[in-house]
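These notes concern the structure reproduced below.
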Amino acid sequence: MAVPVQRLSHIAFHVGDGERLARDLIQRFRFQLFGSRVTERVRQLVLRRGSAVFMVNESPGGRRGEPGPRGLLYDVAPAQAVDSACNVSFEVRDVERAALLLERLGCQVLVPPRPVEDELGWVAYSVVRSVVGNVSHTLIQRSGYRGDFLPGFGPPPPAEQEAAGGPGAITHFDHITYACPPQQSAHILDWYRRCFGFQRFLLNRSDDLDDGYVIKGNNQGMRLSAMEYWKCSEVGMSMPAIEEKKVNCKLVLAESLPNPDKNQIDTFLEQHGGAGIQHVGLYTTDIISTCKSLTDAGVQFFYPPSGYYSETVKWQEIMKAGQDPEVLSHYGILLDSEVDDVHCKGETKCQASTERYLMQMFTKPIFCEETLFLELIERRNASGFGAGNIRALWKSVQACMDQRERNKIVKEISAGNRFANDVDI
Ligand SMILES: O=C(O)C(=O)Cc1ccc(O)cc1
Ligand SMILES: [Fe+2]
């Protein structure tokens, strides 16, 4: 039997400079400080927007598997030094039972169940290792706690302006996408099915239950597949500003295809030091206003490949969806419609739906390495992932990586370490 997950609690980062990341999330992404825990050895900052909660952990010299009052709470320090988002925390009803079940299923329990309490009550948590690179899962039983977040973090400081759930707000995590090496997807999907009851779902019409959705460029490509846990709820704790609403926890796997040329998944794996969280999709109720406010605050987004908006078909698709192509192209917002079958004169044709579509934008990597990025996503009755948007993102990232590679080569040539006729630039 799998462990029933009640909801996604938070996603934790482990970084060298927690204050810098927290400042970025506050000033650029408009998150608010929700709690903090600072000891001699660790700094743990909690940031929230809607019910999307990030924990930023900084633990210089922390050792893997080292919990305890002087160490990190609700997590373990990862082995590798590179900045990373590497813990996805789930609420469960009974943590003792959950850890026992997972152990029986062969999972490595990094922190056995332990209680934490303060004057507002108690919680119990346990940390287990996943089968995806450095990703671990903290399981939290918090039904015995009356505070806003978790014991150890104090009451949240008074909120500044944004009431959660206002117009154009980021309301929750829409999905988490993992990057993994070739041929790992089946094993990962199976692990999440056995351990947490996640079910495979199709990203779009071109997705195949066995083979996933494969996109290929010149000599490179990736395989995508997705799974979800439908019982997760968006808001479970004391966030009265937002109505309790059921949403799915979605996990997407992006597997590198074994090709001669290095692709963006390989680059992630190389610079991150193995598999892990490649991006986090933040759900917004109004992508245009969110994008405007984030761009004004200095967030850098990928811009779609040239020609994306000048294609007549895309322009018309945007118009039919009731959006303004000028506005979307100004910000670089991608739009993909789901496809309807239309029956006409005995023939069945595919047609872009005008009611079911999604809009997305992807930030540039948020750390120095070409690893983790964030995504904004607004869904209009569409629950999958558009093939057109995935291809556009793939091309933009590839173009950006190629440009970086060219800049590196030009630098090497001007430093005298390489001769211009060695390479084709
Ligand atoms: O479309 C999305 O938001 C996804 O999460 C799918 C995806 C996964 C990995 C990529 O490098 C690009 C797209
Ligand atoms: Fe995504």
Side-chain angles (χ1 to χ4, degrees), residues 8 11 52 85 88 132-133 170 172-182 184-185 188-189 200-208 212-217 220-228 247-257 259 261-272 275-284 287 290-291 301-305 308 332-338 357-366 369-380 382-402:
L8 179 65
I11 298 174
V88 180
V132 181
I170 288 170
H172 59 276
F173 292 127
D174 181 84
H175 62 278
I176 298 169
T177 297
Y178 292 147
C180 65
Q184 296 242 316
S185 298
I188 297 170
L189 291 166
R200 176 96 167 77
F201 77 93
L202 295 177
L203 288 147
N204 52 46
R205 282 186 158 221
S206 313
D207 193 353
D208 177 272
Y213 172 57
V214 174
I215 77 160
K216 280 199 170 134
Q220 30 152 291
M222 66 173 171
R223 182 192 310 281
L224 295 179
S225 39
M227 54 190 154
E228 64 187 338
V247 294
N248 301 348
C249 291
K250 290 192 179 83
L251 289 179
V252 181
L253 295 182
E255 171 188 303
S256 167
L257 292 179
N259 282 315
D261 289 354
K262 199 162 72 176
N263 64 52
Q264 49 201 264
I265 306 299
D266 298 326
T267 302
F268 176 97
L269 298 171
E270 194 181 291
Q271 298 198 13
H272 181 259
I277 297 181
Q278 183 223 29
H279 75 265
V280 175
L282 300 166
Y283 186 94
T284 167
I287 199 166
T290 305
C291 168
F301 291 96
F302 276 111
Y303 198 81
Y308 179 86
I333 299 171
L334 306 170
L335 183 144
D336 223 344
S337 309
E338 288 194 350
Y357 65 95
L358 74 154
M359 291 179 284
Q360 289 166 292
M361 308 200 58
F362 300 87
T363 73
K364 298 266 175 85
I366 65 167
E369 297 80 18
E370 286 170 275
T371 52
L372 184 103
F373 56 91
L374 299 175
E375 167 191 341
L376 296 178
I377 181 164
E378 180 181 344
R379 294 184 180 279
R380 297 283 182 104
S383 56
F385 293 86
N389 283 6
I390 295 172
R391 261 185 266 114
L393 170 65
W394 175 269
K395 284 189 196 159
S396 320
V397 175
Q398 219 53 50
C400 190
M401 279 173 47
D402 294 347

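Ligands are counted one by one from 1 in listed order, and the atoms in each one are counted from 1 as well. Residue numbers start at 1 and run along the sequence shown. Computation of the quantities below employed the complete heavy-atom set of this structure, encompassing side-chain atoms and omitting hydrogens, waters and symmetry-equivalent molecules.
A distance of 4.0 Å separates CZ in Phe385 from NE2 in His175, rounded to the nearest 0.5 Å. The structure places CG of Leu335 at 9.5 Å from CD of Glu378, a figure rounded to the nearest 0.5 Å.
The option from Leu253, Thr177, Ile176, Asn204 that lies nearest to atom 5 (O) of ligand 1, judged by heavy atoms, is Thr177. Across the listed options Asp174, Leu251, Ile265, Leu224, Leu224 owns the non-hydrogen atom lying nearest to atom 7 (C) of ligand 1.
The Fe ion (ligand 2) lies at the vertex of an angle of 110° between the NE2 atom of His279 and the NE2 atom of His175 (rounded to 10°).
Shown in contact with Phe385 at under 4.0 Å from a heavy atom are these atoms of ligand 1, numbered in order with element: 1 (O), 2 (C), 3 (O), 4 (C). Heavy-atom proximity to Gln264, at under 4.0 Å, picks out these atoms of ligand 1: 11 (O). The Ala254 neighbourhood of ligand 1 comprises atoms 9 (C), with distances under 4.0 Å to a heavy atom of that residue. Ligand 1 places these atoms under 4.0 Å from at least one heavy atom of His175: 3 (O), 5 (O).
Nearest protein heavy-atom contact of atom 13 (C) of ligand 1 is Leu393 CD2, 3.8 Å. Protein heavy atom closest to atom 1 (O) of ligand 1, with residue, atom name and distance, is Gln360 NE2, 3.3 Å. Nearest protein heavy-atom neighbour of atom 10 (C) of ligand 1: Met222 CE, 3.5 Å. For atom 9 (C) of ligand 1, the nearest protein heavy atom (residue, atom name, distance) is Gln278 OE1, 3.4 Å.
A cation-pi arrangement is not found for Lys364 relative to Phe301, the charged atom failing to lie both closer than 6.0 Å to the ring centre and inside a 45° cone about the ring normal.
Ser185 and Glu255 share a side-chain donor-acceptor pair at under 3.5 Å. With hydrogens and angles left out, the side-chain atoms of Gln278 and His272 include no donor and acceptor closer than 3.5 Å.
Of the options Phe373, Phe268, Phe302, a side-chain contact (heavy atoms from CB on, under 4.5 Å) to Val397 is made by Phe302 and by none of the others.
Between Asp336 and Arg391, no side-chain nitrogen of the basic residue sits less than 4.0 Å from a carboxylate oxygen of the acidic one, so the salt-bridge criterion is not met.
Here Glu375 meets the criterion, with an N, O or S atom under 2.8 Å of the Fe ion (ligand 2).
A donor-acceptor distance shorter than 3.5 angstrom exists from the side chain of Gln264 to the backbone of Trp394, with no hydrogens or angles considered.
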